[in-house]
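Data first, discussion second: the structure below is written as structure tokens.
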Amino acid sequence: MIGLLGSLILLIYLTMKGVNIIIAALLSSIVVAITGGLRLDTALMDNYMTGFTGYFASWFLVFLLGAIFGKVMQETKSADSIANWIKNKFGAKRAVFAVVAAAAIMTYGGVSLFVVGFAVYPIAVSLFRSANLPHRFIPAALVFGSISFTMTSPGSPEIQNIIPTEFFGTTPTAGGWIGVLSALLIMIVGGLWLGSMVRKASANGEVFSLPKQGNEETAASLVAEEQPEQSKGDLPNTLLAILPLVLVIVILNILGQFLTPTVALLIALTIGIAVACLSMLRFLKEFWDALATGAQNALVALANTCAVVGFGSVAAQVSAFDSLINGLVNIPGPPLIGLAIGVTVICGITGSASGGLGIALPILAPIYLAQGVDPGAMHRVSALASGGLDSLPHNGYIVTTVRAICGETHKRAYKPILMLSVILPTAVLALAVILYSIF
């Protein structure tokens with residue numbers, strides 16, 4: 001057990017220090033194998049690689065088409081068009097709402113998180129500067145709009161809502177009215193909470209100020225300052241820009257009733273890519289380059305997630321892991337409690353919602369299905385649980401948003417992220433478990 005905990009702490013520590021997640025996962029796998037009494041060659045060549053390649057084979061096409069769709073939306077300037085429309089519609093007075101809305105619309109439409117971050121950040125800077133709001137809240141607005149409710153909501157095309165369908169035999173809309181209520185609660189309470197935090201900081205004298213490293217402003221801040229204002233002629237029509245997003249959501253949830261959700265998502269993304277390319281062809285300067293970049297992005301994102309799943313596959317072989325699972329399964333009370341805690345803890349440990357689901361559900365789903373627990377409730381609880389502790393400081397998207405996109409530091413920017421993307425979703429998860437257990 002000490003070795004298992006030590007390997008998890010090592011994984012978190014190395015990723016927090018900026019060590020590549022693949023290297024960190026391998027080193028942590030070696031630690032857990034040695035301390036758990038496993039043969040090192042079997043642990044790495046069999047257990048680790050089985051987990052790595054199994055996840056890769058299952059989700060490669062989803063990652064590939066999702067990344068290409070995001071890149072096409074970026075290259076056609078559709079993402080910029082949507083972000084600019086929201087900026088002009090709501091203005092600086094509603095800067096926080098505008099940033100969250102822009103990120104949420106694109107993410108719920110299937111655009112890659114990282115594309116959304118880079119597309120919305122310049123708009124966020126413009127709005128926050130005009131309203132003289134503290135820059136350090138921009139990462140929280142981006143993260144909240146991108147992952148806190150959109151990726152776990154019923155009908156979402158994000159992979160965190162698709163993975164549970166493979167294990168519970170459900171559709172992307174699984175979870176009924178409790179799933180919708182949970183998403184609305186996170187969205188409304190989180191939006192009000194974020195707005196309150198920003199207003200309080202402003203009332204305390206905080207103003208818009210770009211982060212600095214020493215005496216030099218960060219590259220991200222300089223890019224934001226130099227961002228040119230886009231004229232309407234430089235961007236596609238907003239209705240055309242948003243059409244591919246709407247099509248992805250609609251097609252996924254219609255075909256998901258007749259086909260497996262994964263196949264439905266692949267078809268929806270393919271149609272979304274085709275419609276975006278054809279309807280905004282004049283803005284797409286380098287079609288093949290967009291496909292190539294999207295493919296490269298997919299490989300990097302998928303390999304990082306596979307590395308974490310591989311580590312989980314090794315950890316699952318040690319006796320301490322069995323003891324942990326047995327403890328979760330035998331928690332007194334409704335069985336959904338054990339499922340919720342199990343997925344939450346594993347996603348928190350790995351710092352990855354999809355990676356955590358890839359580790360937890362193959363183990364937990366058969367146990368709870370055998371107990372006769374409602375598959376729709378398990379689907380939505382699993383999705384909600386993946387969106388809580390996954391947003392700890394070592395999460396890859398958190399690190400990228402705070403440091404690379406916004407040029408901020410965890411010290412300045414992470415506290416509101418913790419409140420909006422860890423504490424709030426976890427509280428709503430607890431409420432969802434209670435409601436599903438009653439109704």
Judged by modelled atom types alone, do [X] and [Y] share a side-chain donor-acceptor pair under 3.5 Å?
X      : Y      : result
Thr262 : Glu166 : yes
Thr50  : Asp46  : yes
Thr173 : Thr171 : yes

Next item on the list: Report the relative orientation of the aromatic rings in Tyr55 and Trp59; use parallel for angles under 30°, tilted for 30 to 60°, perpendicular for over 60°.
Entry: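 Aromatic pair Tyr55/Trp59 classed tilted.
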Side-chain contact test, heavy atoms from C-beta onward, threshold under 4.5 Å: evaluate it for [X] versus [Y] and give yes or no.
X      : Y      : value
Val100 : Met187 : no
Val96  : Phe90  : no
Leu424 : Met419 : no
Cys406 : Leu142 : yes
Ile147 : Thr107 : no
Leu181 : Leu435 : yes
Phe128 : Val99  : yes
Leu8   : Ser28  : no

Check: Hey, is CH2 on Trp177 packed in by over 12 heavy atoms from elsewhere, all under 6.0 Å?
Finding: yes
Item checked: Arg412 CZ: over 12 foreign heavy atoms closer than 6.0 Å ->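 Correct, the count exceeds 12.
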Donor-acceptor check, side chain of [X] to backbone of [Y], threshold 3.5 angstrom: yes or no?
X      : Y      : value
Asn47  : Ser313 : no
Ser81  : Pro236 : yes
Ser156 : Thr150 : yes
Asn161 : Pro157 : no
Ser196 : Leu192 : no

Notebook entry, point to check: Leu420 and Phe149: side chain to side chain contact (heavy atoms under 4.5 Å, CB included), yes or no, with the steps?
Noted result: CA-CA 10 Å; Leu420 296 169; Phe149 58 92; over 6 Å; no
Margin query: With side chain to side chain contact (heavy atoms under 4.5 Å, CB included) as the criterion, how do Arg136 and Glu206 come out once you've worked through the C-alpha distance, each side chain's angles and the decisive distance to 0.1 Å?
Written below: CA-CA 10 Å; Arg136 68 183 181 90; Glu206 288 192 48; 2.8 Å; yes
Taking atom [atom1] of [X] and atom [atom2] of [Y], what is their separation to the nearest 0.5 Å?
X      : Y      : atom1 : atom2 : result
Leu239 : Trp85  : CG    : CH2   : 8.5 Å
Ile346 : Ile363 : CD1   : CD1   : 6.0 Å
Ile398 : Ser146 : CD1   : OG    : 9.0 Å
Ser391 : Leu418 : OG    : CG    : 9.5 Å
Leu278 : Ile273 : CG    : CD1   : 11.5 Å
Leu266 : Leu252 : CG    : CG    : 10.0 Å

Would you name the heavy atoms of [X] and [Y] that are closest together and state the gap between them?
X      : Y      : answer
Phe168 : Ala365 : CE2-CB, 3.6 Å
Leu336 : Ala377 : CD1-CB, 4.2 Å
Ser354 : Ile163 : O-CD1, 3.8 Å
Ser202 : Asn132 : OG-O, 4.5 Å
Leu44  : Ser29  : CD2-CB, 4.2 Å
Val373 : Pro335 : CG2-CG, 3.6 Å

Item checked: By ring pair (Phe, Tyr, Trp, His ring centres under 6.0 Å) - contacts of Tyr108 (at least two apart) ->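 In terms of ring pair (Phe, Tyr, Trp, His ring centres under 6.0 Å), with neighbours along the sequence ignored, Tyr108 is linked to no residue.
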Margin query: List the residues meeting ring pair (Phe, Tyr, Trp, His ring centres under 6.0 Å) with Phe137, not counting sequence neighbours, and say none if there are none.
Written below: none
Checklist line | Candidate pair Cys277 and Thr76, rule side chain to side chain contact (heavy atoms under 4.5 Å, CB included), full reasoning | finding: CA-CA 8 Å; Cys277 290; Thr76 57; 5.8 Å; no
Next item on the list: Only pairs at least two apart or in different chains count here, so list each salt bridge (charged side-chain N to carboxylate O under 4.0 Å, His left out) that has a residue in residues 366-390.
Entry: none
Check: Please walk me through it: do Met378 and Leu364 pass side chain to side chain contact (heavy atoms under 4.5 Å, CB included)?
Finding: CA-CA 10 Å; Met378 289 193 291; Leu364 297 175; over 6 Å; no
